[in-house]
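Scroll down for the structure; my scribbles are underneath it.
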Amino acid sequence: MTREQVAEVAYRRFRDGGFDAVSLRGVAGEVGVTAPALYRIFKGKGDLVAAGIERGLRHLHTRLTGALVADEPRERLQRTMSGLLEFALAEPRIYQTLAYPSKEPGVQEVVNRLHGVVVTVVRFLTDRVRECMDAEVLRPDSPERVALVLWSGSHGLISTWLSGHLPLHECELRELYQEFGRLTVAGVGMRADG
């Protein structure tokens, strides 16, 4: 049994059933060891859940870094925004945990470990905005503020849909998300010739 094998089981259980679905006993049984054996690798449930979520966050990393293969800054920005949506749709529990951490006992440890993820995502988005400004695709402005506008709006739209308060089919959400991106970028400075 390796830490990676256990983290994979914790990830799958969290993805499918949330925080309550990840128990030391349940994960241990699935990997073929006793619960006390897991304490040699993990401090407790919070550490186990965090390892599972961190494993799921690899999907976010893959989607974001995949945006970097695009040749043009505008396309890298669009792919970054699309990557955020695709991650949220593929990993809704992990996305919601990053966005709206639970106050349940044991979850705070997870939240503390994952706080830097949101900061990293916003920095990545800021870098894509800065590239667009440097290439004169976006007018000069504060890349940090423009990235925060894009992050806040996309996060609001995604979270509202995931919580069930935006009664749209997934394909309608995708269309609305693209429209949001187009209108927001136009509002924050897309050059008229772009």
Side-chain angles (χ1 to χ4, degrees), residues 7-22 49-70 74-104 107-129 131-132 143-188:
E8 178 62 29
V9 172
Y11 156 68
R12 190 173 25 76
R13 285 176 157 257
F14 185 85
R15 180 195 66 207
D16 296 343
F19 189 78
D20 292 336
V22 182
V49 171
I53 291 173
E54 287 166 353
R55 182 140 176 98
L57 287 171
R58 292 178 185 176
H59 299 262
L60 175 60
H61 180 264
T62 299
R63 283 181 168 83
L64 292 181
T65 56
L68 298 176
V69 301
R74 176 192 309 234
E75 188 178 352
R76 285 193 291 273
L77 176 59
Q78 290 169 335
R79 286 185 180 198
T80 297
M81 296 296 291
S82 294
L84 292 172
L85 175 63
E86 295 307 319
F87 173 75
L89 295 176
E91 304 286 352
R93 279 199 171 88
I94 293 175
Y95 183 87
Q96 288 175 313
T97 299
L98 291 173
Y100 301 109
S102 171
K103 301 292 185 205
E104 293 180 48
V107 178
Q108 193 57 47
E109 179 181 346
V110 175
V111 171
N112 291 342
R113 284 177 61 174
L114 300 177
H115 173 72
V117 173
V118 173
V119 172
T120 300
V121 168
V122 173
R123 282 187 190 142
F124 189 87
L125 184 56
T126 300
D127 290 343
R128 304 297 70 79
V129 168
E131 288 175 345
C132 286
E144 293 82 9
R145 289 184 58 86
V146 171
L148 282 174
V149 167
L150 290 170
W151 164 254
S152 299
S154 66
H155 170 64
L157 184 57
I158 291 167
S159 297
T160 303
W161 187 80
L162 288 175
S163 69
H165 292 98
L166 190 60
L168 300 173
H169 294 288
E170 187 176 309
C171 62
E172 295 171 309
L173 171 67
R174 289 175 187 280
E175 289 173 9
L176 182 59
Y177 190 81
Q178 285 182 344
E179 184 69 2
F180 156 78
R182 186 186 67 73
L183 292 172
T184 304
V185 169
V188 296

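Hydrogens, waters and symmetry mates are skipped; everything else that's a heavy atom, side chains included, is used. FYI, the numbering just counts along the sequence from 1.
- No donor-acceptor pair under 3.5 Å is formed between the side chain of R76 and the backbone N or O of R128.
- Of all the heavy atoms in V22 and A10, the pair that sits closest is CG2-O, 3.7 Å.
- For the atom pair L84 CG and Y177 OH, the distance stands at 5.0 Å (nearest 0.5 Å).
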For I94 and L60, run side-chain contact (heavy atoms from CB on, under 4.5 Å): C-alpha distance rounded to whole Å, both residues' side-chain angles, the deciding distance at 0.1 Å, then the answer.
CA-CA 10 Å; I94 293 175; L60 175 60; over 6 Å; no

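- The shortest distance between side-chain heavy atoms of L85 and L157 does not fall below 4.5 Å.
- Rounding to the nearest 0.5 angstrom, the gap separating the CG atom in L166 from the CD atom in E172 is 9.0 Å.
- To the nearest 0.5 Å, atom OG of residue S154 and atom CZ of residue F180 are 5.5 Å apart.
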Step-by-step side-chain contact (heavy atoms from CB on, under 4.5 Å) determination, R79 to V69
CA-CA 10 Å; R79 286 185 180 198; V69 301; 3.1 Å; yes

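- Looking at S159, its side chain never comes within 3.5 Å of a backbone N or O of G156 through a donor-acceptor pair.
- For the atom pair Q178 CD and L176 CG, the distance stands at 10.0 Å (nearest 0.5 Å).
- Nearest heavy atom pair, residue A88 against residue I158, reads CB-CG2, 3.4 Å.
- For the pair E8 and R12, the salt-bridge criterion is not met [side-chain N within less than 4.0 Å of a carboxylate O].
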Under the side-chain contact (heavy atoms from CB on, under 4.5 Å) criterion, do T120 and L64 qualify, and how do the steps go?
CA-CA 11 Å; T120 300; L64 292 181; over 6 Å; no

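- Side chains of L150 and V185 form a contact here, defined as non-hydrogen atoms less than 4.5 Å apart.
- Among residues at least two apart or in separate chains, ring-ring contact (aromatic ring centres under 6.0 Å, His included) pairs with a member in residues 149-171 are Y95-H155, Y100-H155, W151-H155.
- Between A147 and V122 the shortest heavy-atom distance is CB-O, 4.3 Å.
- If you take CZ on R13 and CZ on R93, they are separated by 13.0 Å, rounding to the nearest 0.5 Å.
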Apply side-chain contact (heavy atoms from CB on, under 4.5 Å) to V49 and T97, showing your working.
CA-CA 11 Å; V49 171; T97 299; over 6 Å; no

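- A heavy-atom distance below 4.5 Å is found between the side chains of H59 and Y11.
- For the atom pair OG of S82 and CZ of R63, the computed distance is 11.0 Å after rounding to the nearest 0.5 Å.
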